[in-house]
Each structure stands twice: as C-alpha cells, then as structure tokens.
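As structure tokens, the structure follows; a few thoughts come after it.
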Amino acid sequence: MYLLTMPDRSLMSYVESQTQGHLDRELSSVLPLVRNYHQLQIGAASQADSIAMIEDLRKGTLR
C-alpha cells in the first residue's frame, strides 16, 4: 500500500495484490488509511531503537 500526496496536496492510495493494482482518489476511502498510518507511527519504535533491537537479537542478547 502506498499513500500519495500530490503537488496540489490531494491524497491518493495505491494498493497492489498479486493480480492487480488499485488507485483510489476518493477522500472518504483514503483518509481512514492515512489515520491508521499515523496511529501506527505513534506506536512504532524509533529507528535507533529498532536497529539496537535487531543487533541485540543477532547477538542473542535481547534486552
């Protein structure tokens, strides 16, 4: 899934499966995806924390 912001600030989503792709320009369909994306960002670890966790996993010393 891709969320696209166009030069005129309009939003689009593009979703691709094994057999087809779908471009959606309807704001009523795109806005819930944008909201969900932002909610996922809030709960995500920072890049530095993610790298440290991966390094710890590789070493077998997960904190």
Side-chain angles (χ1 to χ4, degrees):
M1 179 180 74
Y2 297 91
L3 296 172
L4 310 166
T5 303
M6 305 311 290
D8 66 357
R9 305 298 293 158
S10 63
L11 298 171
M12 291 188 221
S13 67
Y14 178 74
V15 180
E16 194 171 272
S17 69
Q18 286 183 320
T19 58
Q20 64 183 12
H22 179 74
L23 182 66
D24 195 345
R25 297 176 188 193
E26 291 296 321
L27 200 55
S28 62
S29 300
V30 177
L31 276 181
L33 297 175
V34 172
R35 281 189 210 107
N36 289 338
Y37 174 77
H38 289 298
Q39 288 176 342
L40 286 171
Q41 278 186 315
I42 290 168
S46 70
Q47 185 175 6
D49 287 343
S50 295
I51 291 169
M53 182 179 69
I54 291 167
E55 289 173 348
D56 289 347
L57 283 168
R58 286 182 177 160
K59 294 176 192 172
T61 60
L62 182 61
R63 298 177 222 172

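The residues of the chain are indexed from 1 along the displayed sequence. Predicted, not measured: the structure shown is a model, and the values here were computed from it. Because only heavy atoms are used, hydrogens play no part in the values below, and waters and symmetry mates are left out as well, while side chains stay in.
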Inset, instruction - Return the set of residues passing side chain to side chain contact (heavy atoms under 4.5 Å, CB included) with Ala45 (not counting sequence neighbours), or none when no residue passes. - result: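 With sequence neighbours excluded, Ala45 shows a side chain to side chain contact (heavy atoms under 4.5 Å, CB included) to Asp49, Ser50, given in chain and number order.
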
Legend entry - Which residues share a side chain to side chain contact (heavy atoms under 4.5 Å, CB included) with Gln41, sequence neighbours left out: Tyr37, His38

Legend entry - Hydrophobic cluster of Leu40, others only, ordered by chain and residue number, side-chain cut-off 4.5 Å: none

For residues 2-11, tabulate all N or O donor-acceptor pairs below 3.5 Å that involve a side-chain atom, not counting sequence neighbours.
unit_1	atom_1	unit_2	atom_2	d
Asp8	OD1	Ser10	N	3.0
Asp8	OD1	Ser10	OG	2.6

Legend entry - Heavy-atom pair of closest approach, residues Val30 and Arg25: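 So the two residues come closest at CG2-C, 4.5 Å.
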
Legend entry - Shared hydrophobic cluster for Val34 and Val15 (ILVMFWY, side-chain gaps under 4.5 Å): yes

Legend entry - Sequence neighbours excluded, every pair satisfying side-chain hydrogen bond (donor to acceptor under 3.5 Å, both in side chains) that has a member inside residues 27-36: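 Pairs touching residues 27-36 that pass the test: Asp24-Ser29.
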
Legend entry - Listed partners of Glu55 passing side-chain hydrogen bond (donor to acceptor under 3.5 Å, both in side chains), at least two apart: none

